[in-house]
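To start, the structure under review is shown below, and the notes come after it.
All residue numbers refer to positions in the sequence shown, counting from 1. The model shown is predicted, which means the values in this text are computed figures rather than measured ones.
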Amino acid sequence: MAMPVMQDDDVLLTFKEAMNYLRVSRSTLYRLMWSGQLTGHKVGSTWRFYRGDLRACVGRETPTPVAKLQAKLQSRLSAQNNQNQNATTAHNS
């Protein structure tokens with residue numbers, strides 16, 4: 001039986017190899033993971049990363065704190081407007 005051929009993206013890299021691949025610090029790699037921009041896989045007590053996930057992470061645009069705040073405020077305003085419309089509709093009925 002022939003062994004399946006592994007693609008380049010199928011190779012798991014260690015934490016240090018991922019840092020070197022992206023040319024980022026340890027804290028930056030953790031920040032990318034915790035923010036959801038990079039998928040890591042826990043194998044035993046260590047993290048591993050697919051090369052394809054590392055490449056995908058590079059091109060992602062991350063929202064700035066201001067953009068996050070604007071989105072949160074917009075969401076609250078929409079919810080408040082919906083509540084006001086529902087109250088008005090109930091009152092007019």
Quiz item: Under a 4.5 Å cut-off applied to non-hydrogen side-chain atoms, are Leu29 and Trp47 in contact?
Solution: no
Quiz item: Got Arg55 and Tyr50 here, is their nearest side-chain heavy-atom distance under 4.5 Å?
Solution: no
Practice problem: State whether a side-chain donor-acceptor pair under 3.5 Å links Thr46 with Arg48. | Solution: yes
Quiz item: OG1/Thr39 to NE2/His41 distance, rounded to the nearest 0.5 angstrom?
Solution: 6.0 Å
Quiz item: Are any non-hydrogen side-chain atoms of Leu12 and Arg51 less than 4.5 angstrom apart?
Solution: no
Quiz prompt | Side-chain touch Leu22/Leu32, heavy atoms, less than 4.5 angstrom | solution = yes
Quiz item: Could you give the distance from CE (Met33) to OG1 (Thr28), rounded to the nearest 0.5 Å?
Solution: 12.5 Å
Practice problem: Group every Ile, Leu, Val, Met, Phe, Trp and Tyr by side-chain heavy-atom contacts under 4.5 Å, then state whether Met19 and Val43 land in the same group. | Solution: no
Exercise. Grab the two heavy atoms, one from Phe49 and one from Ala18, that are nearest each other, plus how far apart they are.
Key: CD1-CB, 3.5 Å
Self-check item: Side-chain heavy atoms of Tyr21 within contact of Glu17, under 4.5 Å
Solution: no
Quiz item: Within the side chain of Ser35, is there an N or O that forms a donor-acceptor pair under 3.5 Å with the backbone of Arg31?
Solution: yes
